[in-house]
Number of protein chains: 2
Amino acid sequence: MAPSSKKVNKSDKTDLSDATSRHGAPASLATLSAHLGLSVAAISRVLNGVPAAKSIPKTTQDRIFAAAKEFNYRPNALARSLRHGRSMMVGVLVPEVSEGYATLVLAGIEQGLLQSGYIYFLISHHHRSELIERAQSLLMERSVDGIIAIDTIMPLHSRLPTITVSCPDEQEGVTNIMLNQRRAVELALDHLVGLGHREIAIIKGQSFSSDTEPRWQAIRHAASRAQIKLNPKLVAQLEGDAPSHEPGYFAAQRLLASDTPFTALFTFNDVSAIGAIRALREAGLRVPQDVSVVGFDDVQSAAFQNPSLTTVRQPLRTMGMLAAEALVRQITAHPDHPPSKQLVVDPELVVRESTCPPPAKKRAKS
Amino acid sequence: MAPSSKKVNKSDKTDLSDATSRHGAPASLATLSAHLGLSVAAISRVLNGVPAAKSIPKTTQDRIFAAAKEFNYRPNALARSLRHGRSMMVGVLVPEVSEGYATLVLAGIEQGLLQSGYIYFLISHHHRSELIERAQSLLMERSVDGIIAIDTIMPLHSRLPTITVSCPDEQEGVTNIMLNQRRAVELALDHLVGLGHREIAIIKGQSFSSDTEPRWQAIRHAASRAQIKLNPKLVAQLEGDAPSHEPGYFAAQRLLASDTPFTALFTFNDVSAIGAIRALREAGLRVPQDVSVVGFDDVQSAAFQNPSLTTVRQPLRTMGMLAAEALVRQITAHPDHPPSKQLVVDPELVVRESTCPPPAKKRAKS
DNA sequence: CCTAATTGGGCAAACGTTTGCTCAGGCGCT
DNA sequence: AGCGCCTGAGCAAACGTTTGCCCAATTAGG
């Protein structure tokens, strides 16, 4: 088609369609069988290199490999899965696909899964339990070998190998990847207290988020340990399932409306911290001079905020990788072998610009 | 384990394992066949409600439905796909899973696909062509019905239905969802010029990003139309494939190092704009008083930056939905029916705090 | 020379569905 | 009475692999 004089630098893409058999359909073992005059069984054995193929002479094997290459033979994973009872597919459940938290975990999961030869379906459910249930059914029908659920409370209890990330909901045979919340909260509060803060406001997570309760327990524990008492008027909760900065913005506005002074704010996550900072600034408060803010997660943009965000880092990517590895282990393990219930990872405090000692007048007042 | 006096509100989860047949394996048509004394064929027909099932009396149908419910029968999608030649699965290729741009498109894709009964594999490739190629093979082996590629240059030319988002690479039979780049750039530049800016710096996209070239062409066109000349010293390019704010940060530093004054900066995307703003601030420049910054995309955090970001909004979610719909259409269409080559969507300028008229002294100087 | 092992593969079942074809009995119509 | 049609299904092939079992021919060993 193209004039042969022209150098073919533009369209040097491999054309898969030519490499397959001429009638469009991809080559199957039967195609090769017809071409080689061998049975599909022999071809399958050779291509898979099973021990039984040892009795087949080298020359025949070479012919088979050559034909496979010529016809661009790709084993049909559907058929293979059906026969083999293992699909090498897993399902990943996330609340939202567009949120900072889940996507970082996802990156780790992907890395861990792909290197073990697995491929994954992604489904988001917006924390709606009927969608979670539908997703679980969908995945089971698709014969996935396992499920990883991030920040998801699962209504169905399937016997599929399952790993959860940040879901302290104890379930039979489910391994949960968790952050050490106690330690995480201590890092944040000790930092603020060490700077001299006493009037600390808290923004709790949404009720549907599985980290919310344990985090809150940890906060109460750490506060009493540090001899800080939490003023109920200085505790707000994120509301609404929008995966955006708005819930934090509105929560901070509610805190301000309570007319109770505070010099520091500890938020449920970085995204809400960013929203909260905007609300503070709109109220004429400077961060950190008037109010210090500590976030949670250390999402990518945290370091690039203005001011950059002091935050408790979760090793999200690592957690994803751990989840993937644990799942693969659970899939390939003996069914009776009991999986570990928890894998706990440690947080890290990242001090940036959004925290400093409280203003002098406030401290004098208290 | 739990005292029975306690109300069982905690663990009222449906237990799928009990509902399946007692020997663990999920129920198949054969299971129902054995239980009902009917052939698998009859059961399949009734459950699928095919026309041929009309001849089967209501009472038998009811027995079948009852048994299906009792055994919690779920058709095996693998087997169905194998037989039917359509898997109801598609593959989605993205550069990174943790980036603002792709995830928003992904949200739209998911919505569009799920409502048509499709489920998708997600694979990221970090713009590395050997990974893209591997992903394409992987997906073809898995018998996906089609592929959606976001900001991805595909080395293989498969005959699978394919939709690209922001890949102006014209390929046979591939539909591309595109932003009207000319219009987008005009919106940004006209805004800056209207404010009085003349010395405008540009941060181009990475060379591997498929939007980079068309955007640059559009910028040159719009600049000449607006009688602005672009100083080559005020053009930097994003470098490095890190999906973070850093490339923008470093690009802005290079612009500053060129020692050529500018009063406005138009960046390739919001993420790099945020990085660039940090570099400007570190250099002692105020945004927008000293330098106005216009981003691109309008990712979720753009409105919550400090200052909030003036940016060109791409309707990313819509583009994802369009991609999904176009793919489904192409999958179900007659093979000879030629798909449309392009679907163009329109940008929108969102003016926020990061732009204002240039400083007086600068204007006096020019 | 007889037996046994090795070589070189083939047959067919199985995974779980879907679907074209067949078929027996009953009923209505002419 | 004969014909055709409707009812109510069943049989079996097909999708593409994998794998347990079988078998014929050759070779090795005794």
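Each chain gets a letter, A, B and so on, in the order the sequences are listed, and its residues count up from 1. Values in this document were obtained by computation on a predicted structure and should not be read as measured data.
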Legend entry - Aromatic contact, A:Y120 with B:F121 (centres under 6.0 Å):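 Ring-ring flag for A:Y120/B:F121: false, centres at least 6.0 Å apart.
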Inset, instruction - Would you mind telling me which residue lines up with the more 5' stretch of DNA chain D, B:A79 or B:A42, judged by nearest nucleotide? - result: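 Upstream on the strand: B:A42.
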Inset, instruction - Find which nucleotide of DNA chain D each of B:K54 and B:R83 is nearest to by heavy atoms, and output the residue with the more 5' nucleotide. - result: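 By nearest-heavy-atom nucleotide position, the 5'-most residue is B:K54.
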Determine the contact category for [X]: base if any of its heavy atoms lies under 4.0 Å from a base atom, sugar-phosphate if only primed atoms, P, OP1 or OP2 are that close, otherwise nothing.
{"X": "B:S28", "result": "sugar-phosphate"}
{"X": "B:A41", "result": "base"}
{"X": "A:L38", "result": "sugar-phosphate"}

Phosphate OP1/OP2 of [N]: any [X] side-chain N/O under 4.0 Å:
{"X": "A:H84", "N": "D:dG16", "value": "no"}
{"X": "B:T60", "N": "D:dA9", "value": "yes"}
{"X": "B:N48", "N": "C:dT18", "value": "yes"}
{"X": "A:R45", "N": "C:dG9", "value": "no"}
{"X": "B:S55", "N": "D:dT7", "value": "no"}

Given [options], identify the nucleotide with an atom nearest to the side chain of [X].
{"X": "A:S44", "options": "D:dT18, C:dC15, C:dG9", "value": "D:dT18"}
{"X": "B:P57", "options": "D:dT17, C:dT18, D:dG8", "value": "D:dG8"}
{"X": "A:L29", "options": "D:dT17, D:dA9, C:dT19", "value": "D:dT17"}

Nearest whole angstrom, please: distance from the [atom2] of [N] to the [atom1] of [X].
{"X": "A:R63", "N": "C:dG8", "atom1": "CZ", "atom2": "P", "answer": "13 Å"}
{"X": "A:K58", "N": "C:dT7", "atom1": "NZ", "atom2": "C1'", "answer": "17 Å"}
{"X": "B:I56", "N": "C:dG25", "atom1": "CD1", "atom2": "C1'", "answer": "16 Å"}
{"X": "A:N76", "N": "D:dC15", "atom1": "CG", "atom2": "C1'", "answer": "8 Å"}
{"X": "B:L82", "N": "C:dC15", "atom1": "CG", "atom2": "P", "answer": "14 Å"}
{"X": "A:R86", "N": "C:dG16", "atom1": "CZ", "atom2": "P", "answer": "15 Å"}
{"X": "A:R80", "N": "D:dT19", "atom1": "CZ", "atom2": "C1'", "answer": "13 Å"}
{"X": "B:E141", "N": "D:dG16", "atom1": "CD", "atom2": "C1'", "answer": "13 Å"}

Legend entry - Min side-chain heavy-atom separation A:L29-A:L47 under 4.5 Å: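 Answer yes - side chains close enough.
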Legend entry - Contact check, side chains of A:H127 and A:D151, non-hydrogen atoms, under 4.5 Å: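 Of all side-chain heavy-atom pairs linking A:D151 with A:H127, at least one is under 4.5 Å.
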Legend entry - B:N176 versus B:T164, side-chain donor and acceptor atoms under 3.5 Å: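 Yes, because at least one side-chain N or O of B:T164 sits under 3.5 Å from a partner of the opposite role on B:N176.
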Legend entry - Distance-only donor-acceptor test, A:R142 side-chain atoms vs C:dG16 base atoms, 3.5 Å: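 When only heavy-atom distances are counted, A:R142 does not reach the base of C:dG16 through any donor-acceptor pair under 3.5 Å.
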Legend entry - Atom of B:S137, atom of B:L156 and distance for their closest heavy-atom approach: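 Reported closest heavy-atom pair: OG-CD2, 4.2 Å.
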Inset, instruction - Give a yes or no answer on whether the side chain of B:R63 reaches the backbone of B:L36 with a donor-acceptor pair at less than 3.5 Å. - result: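 Pair found, side chain donor or acceptor close to backbone of B:L36.
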